Each structure stands twice: as structure tokens, then as C-alpha cells.
Protein chains: 2
Amino acid sequence: MSDTRPIGVFDSGMGGLTVLRSLRAHLPHENLVYLGDTARLPYGTKSPETVTAYALQATQLLMAYDVKMVVIACNTASSVALVPLARDLAPLPVVGVVEPGARAGIAATTSGRIGVLATESTVAGGAYPRAIAALSPDTDVQQQACALFVALAEEGWGDSSIAEATAARYLAPLFDNEATAPDTLVLGCTHFPVLAPAITKVLDARGARATLVDSAETTAQAVVELLEMQKLKNTDDRTGTERFLATDAPERFARVGELFFGRSITADQVELVDLRPSI
Amino acid sequence: MSDTRPIGVFDSGMGGLTVLRSLRAHLPHENLVYLGDTARLPYGTKSPETVTAYALQATQLLMAYDVKMVVIACNTASSVALVPLARDLAPLPVVGVVEPGARAGIAATTSGRIGVLATESTVAGGAYPRAIAALSPDTDVQQQACALFVALAEEGWGDSSIAEATAARYLAPLFDNEATAPDTLVLGCTHFPVLAPAITKVLDARGARATLVDSAETTAQAVVELLEMQKLKNTDDRTGTERFLATDAPERFARVGELFFGRSITADQVELVDLRPSI
């Protein structure tokens, strides 16, 4: 009953490697194939139509690797394209990052006030407020776009004084009024776990308290449950393999990717793949 | 002898609007068509092959607007694709931003030491050191990648304390050793003029002096000269028009573009164009 087929993980770039990292921690024996659409990143500033078209092309490519499940480790793609992706890939199970993050946020809050930190397009799309409202209509949701967090994470400055100053500026609108401040912050972008130390320092300095919900971690838990439920687990006791695919710049993928994966990646481990029709 | 055809200006996104702004200041009567390839920005993290393919598609589209000249208002595309673009568009004159910036840097330096601030890929491509060495082999060039400047400029935080702290960190390697510090800084990315106040404050705080060379301004001067030389000027005394084209997200183009253009742009002034083969 062992299913050795790999789990496919898709992101616009390297941020989704925080999800791969959590998957690896929970599932040491699963084989993992990660695809980063680095030629067309970031998705966070593109229109829903473009993001959907790109995500459909990318996940179709993962199918060629005989994956048993697809994880959309990209908040933007999860926000705008999960339904068309699930339809396109059916009967393959497809897991996004938004719903697990929303669920974990609801479980964590006691005050009923959740803050969501995300990219501009995830905020504009409103997927987190919708997902939270569907599960818990009385929960109050405040969103804050944190565009600079992506650049800070990719520069390796996630734990710097500049990251703290940036976090202080983004968090101020949420926490300036104590009566309406959230007690839970959902990190609604796969890059943001790298910023968690800076966010925590800002909260401490304000004397504020909030539980940070890392959607990478909660998504990995959702994958574990789904594997059990659908009897898709790999019960081999060999260590699982990782395979990295990128649509551009493997050297940069490896170098920046390490910041998110938390383990060494070398450029020759990254295969260049082409999603675009030839020009 | 008046040539009323528009000048085509191309960038991966909105940063090139600093070039459009300088062109407008110098050439009040010219008609201008600006194309931002917002569906595929940023180019600064992509491979030379991908950037060249994208830039060829984009500039071919400008040809449909009967342009009399093309300005590559993107440092990355100018760095890696100017030769294939000039070949592809011949006999149309093509102006990039790198050569004018290099020339202005050489004119400004008295110590013979120039610093170049640019994106990761422009630095890696080495186009500025090559252009400067070709004109002035004895000039010393130090480069510094300033990835966060792009995000700061797009967030509208170009003149913030966070921008200053970021500039201080990027400038330290260039200015820590007074004996080798440059006396001229070429802003090798069209986003960076927005950061000029922060850079100036950091230099003042260090007691350092350096002339800032804005490649938007120097490129506009190069265009003025070329129009004269090739007798392509529009001698009509009507005010020139601007036409904005974007491959994605016109609303964001208008909102962020204003930061660079320095004048109001409304979303309905921005035409959505498609460069991609249909999917």
C-alpha cells in the first residue's frame, strides 16, 4: 500500500521552499519535486488572469513527474487560482496555503481578531478574509500589505534592524489602537517566516502580544492529514529525495533558496525547465 | 522637416518612467509611447537569454506604433540585450541607458574612481565596468548591488529613514576606506533616482562627497543629441502626447508609475497589451 510517487510543490519562486522545509520535517520519507517559476516571478504584482494562466502551465509540468498530489506553495496562486487548478488537475488532490492558514488563525485567536500580513495582490484579492469568514463569520480580520518583506527576505536581511524598522511601520496600523489590535498574525506569504524574529521584536517593543501563524507549517500539517486520509503515504523507510526545478536562473534559485529551505542547495541540483512556447 | 512620429520607450515595468520624465522635460513637443512589460517584471533577476527574448518581443510591439526611435529605459535590458535589439530594430536608432550613464560618470569624476549602484543582474552582467573601461581604461569602477532600493522606490518609501538605513548599509563597502572611495556614483537602475535624497543624506552623515549621476537624465540628453543629429525632431509647437502601454495590471502601473513619472497617471490612460502567444 506504499505510494512512492513524489509530492509536487509549486511556487512562483523560492519562497515556497519554506513549505518544502516543513513538509520535509513532517514527512522524512516522501519524495518531493519542487517547481519555482522563476522566469515569471513575482506573481504578487500580476493580475488574477495572468497568475491563473501561469499556474496552470506550471502545475501541468509537475504532472509529467507523476506526482500524487500538488501543493500550491504560493499565496497569490492559492488565492486566485486554487479552484481552476483543482479542476484542471482532478482527480489529483490539490492543497493551497490559504485555507490551512485561515484554519490555524481561527484556532489560535481568543479575542476573535486576526491580522493577515501578505503581499499587495493577496491583500487585494481578499482570499484570507473570505476563507476566515467561511469558517468563522464573527471573526474580525484586518489585512496589511507588506511588500518590502519579500525583498528583505530575499536579501537575507530578515533578522536585521532594517527589517525591524520595516515591520514596525507595517504593524503600526494594526496595533496603534489597543482595543482593536489582533491577538493572532497569519503570515500570508511564504517568504514571511524568515521575518518572524523581526516581527516578534517589534511586538515585544510595543508590549503587544500576538501568536504568529506560519502558513508553511500549517500547510504541511494539512498535507500529512490528506496523505493519511487518501492512503497516499510512502511507507518506505528510505530517506526521501528532493528534486528542484526552475524556469530560470538556477544559480540564483540555489543561493536565495537556501535562505528559505534552511539547507544547502547547489546550482547543479536545480534543473532548468521551460514552460513557455518557443519564441 | 518635422518628424511627428513618436519616440518609443521600453522598460520591464514603471522605473523607466524616470527616463520618460526626463525626456518630457527636455523635449516638450515630442510624442512619447511608453511600454512597461509589467506581466514579466522584474527583469533584474532573470537570465540574459530570457531578458533578451522578452525585450525583443516588447520592442517589436513598439514598432507597430510607428516609432522613430527606441529608448531602452531598463538597465538590465540595456546591459544584456542592446546589441541584439539594435540589430533586430535596424535601421531604427536604439538608445540604451548604460552608455550615457558611463559617459556621464567619466565626465563627473576627478579622482578616477566611480561607484555603480545597480540591481543584482546589472552588477553580475558587468555592463557598466565594460562601458566605462571602453571609454576610459584607467578609471576604477566599484559596483554595489542594491536589491532593496527597487522595493523601497515602488513602496513610495524612497525618502524614509528605512531608505537611509538601507543606503547606509549598501554604501558602507564603497566608502569605508577613504583612500579608495569613489567621488562619483552612477545610479545604474531607473528606480534609483527616487532614492537620491536618502543616498545624499548618508553621504553627508559620513562626511563623504560624491556626485550622483542619474542615468535617466543622461539618457534624455543622449536622445536629444541623436534627434538633432539624425534630423528626427518634431518641430511642431503643440504639446507632445504620452501614451502608456502595459502588459499587465494597468491600475498598479498608474499608481506606482506616478512615483517615477512625477505626474498623475490614471488607470484609464494605460492600455493593456498582450505580448504572449495565446495559451
Side-chain angles (χ1 to χ4, degrees), chain A residues 13-14 36-57 60 119-121 124 145-157 160-170 246-253 255-256 272 274-279, chain B residues 13-14 36-57 60 119-121 124 145-157 160-170 246-253 255-256 272 274-279:
Chain A
M14 290 77 84
D37 189 8
T38 45
R40 305 190 289 197
L41 68 80
Y43 283 10
T45 51
K46 296 185 173 69
S47 68
E49 296 72 27
T50 298
V51 168
T52 303
Y54 287 2
L56 285 170
Q57 291 175 348
Q60 274 299 335
T119 62
E120 209 175 322
S121 71
C146 305
L148 233 66
F149 279 2
V150 173
L152 284 163
E154 294 200 346
E155 190 74 331
W157 291 9
S160 66
S161 60
I162 292 171
E164 274 174 61
T166 304
R169 193 156 164 176
Y170 285 137
T247 53
D248 197 19
E251 186 279 329
R252 185 173 194 273
F253 180 100
R255 178 168 43 81
V256 179
L272 192 63
D274 196 356
L275 297 178
R276 288 162 294 135
S278 56
I279 296 153
Chain B
M14 289 77 84
D37 189 9
T38 44
R40 306 189 290 198
L41 68 81
Y43 283 9
T45 51
K46 297 185 172 69
S47 67
E49 295 72 29
T50 298
V51 169
T52 302
Y54 287 3
L56 285 170
Q57 291 176 347
Q60 274 299 336
T119 62
E120 211 174 321
S121 71
C146 305
L148 233 65
F149 279 2
V150 174
L152 285 163
E154 293 199 346
E155 192 73 331
W157 290 10
S160 67
S161 60
I162 293 171
E164 274 174 61
T166 304
R169 192 156 164 177
Y170 284 137
T247 54
D248 197 21
E251 185 279 326
R252 185 173 193 273
F253 181 99
R255 181 167 41 80
V256 179
L272 193 63
D274 196 357
L275 297 177
R276 287 162 294 132
S278 57
I279 295 154

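Just so it is clear, the model here is predicted, and its values are computed rather than measured. Numbered from 1 within each chain, the chains take letters A, B, ... in sequence-line order. Keep in mind that the numbers below use all heavy atoms, side chains included, and drop hydrogens, waters and symmetry copies.
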### Task
Give the C-alpha distance, both sets of side-chain angles, the deciding distance and a yes or no for side chain to side chain contact (heavy atoms under 4.5 Å, CB included) between A:Asp248 and A:Phe253.
CA-CA 8 Å; A:Asp248 197 19; A:Phe253 180 100; over 6 Å; no

### Message
Would A:Asp274 and A:Thr247 count as a side chain to side chain contact (heavy atoms under 4.5 Å, CB included) here? Give the steps.
### Response
CA-CA 6 Å; A:Asp274 196 356; A:Thr247 53; over 6 Å; no

### Task
Please step through side chain to side chain contact (heavy atoms under 4.5 Å, CB included) for the pair A:Tyr43 and A:Thr119, ending with a clear verdict.
CA-CA 10 Å; A:Tyr43 283 10; A:Thr119 62; over 6 Å; no

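For a residue to count as touching a neighbouring chain, one of its non-hydrogen atoms must lie under 4.5 Å from one of that chain's; by this rule B:Leu56 does not touch chain A. Using a 4.5 Å cut-off between heavy atoms, B:Pro250 makes no contact with chain A at all. Of the two parts of B:Glu120, only the side chain, counted from C-beta on, holds a non-hydrogen atom closer than 4.5 Å to a non-hydrogen atom of chain A. Contact annotation for B:Thr38: only backbone heavy atoms (N, CA, C, O) come within less than 4.5 Å of a heavy atom of chain A.
Of the listed residues B:Ala124, B:Ser121, B:Pro42, the one with more heavy-atom pairs under 4.5 angstrom with chain A than any other is B:Pro42. Chosen from A:Ala151, A:Pro48, A:Ser160, A:Ala145, the residue pairing most often with chain B at heavy-atom distances under 4.5 Å is A:Ala151. For chain A, the option among B:Glu155, B:Arg169, B:Glu49, B:Glu251 with the highest count of heavy-atom pairs below 4.5 Å is B:Arg169.
Here B:Glu154 pairs with B:Arg252 in a salt bridge; the nearest charged N to carboxylate O distance falls below 4.0 Å.
Side-chain atoms of A:Thr50 do not come within 3.5 Å of backbone N or O of A:Lys46 as any donor-acceptor pair.
Ring geometry for A:Trp157 against B:Tyr170 counts as tilted: the plane angle lies between 30° and 60°, on a 0 to 90° scale.
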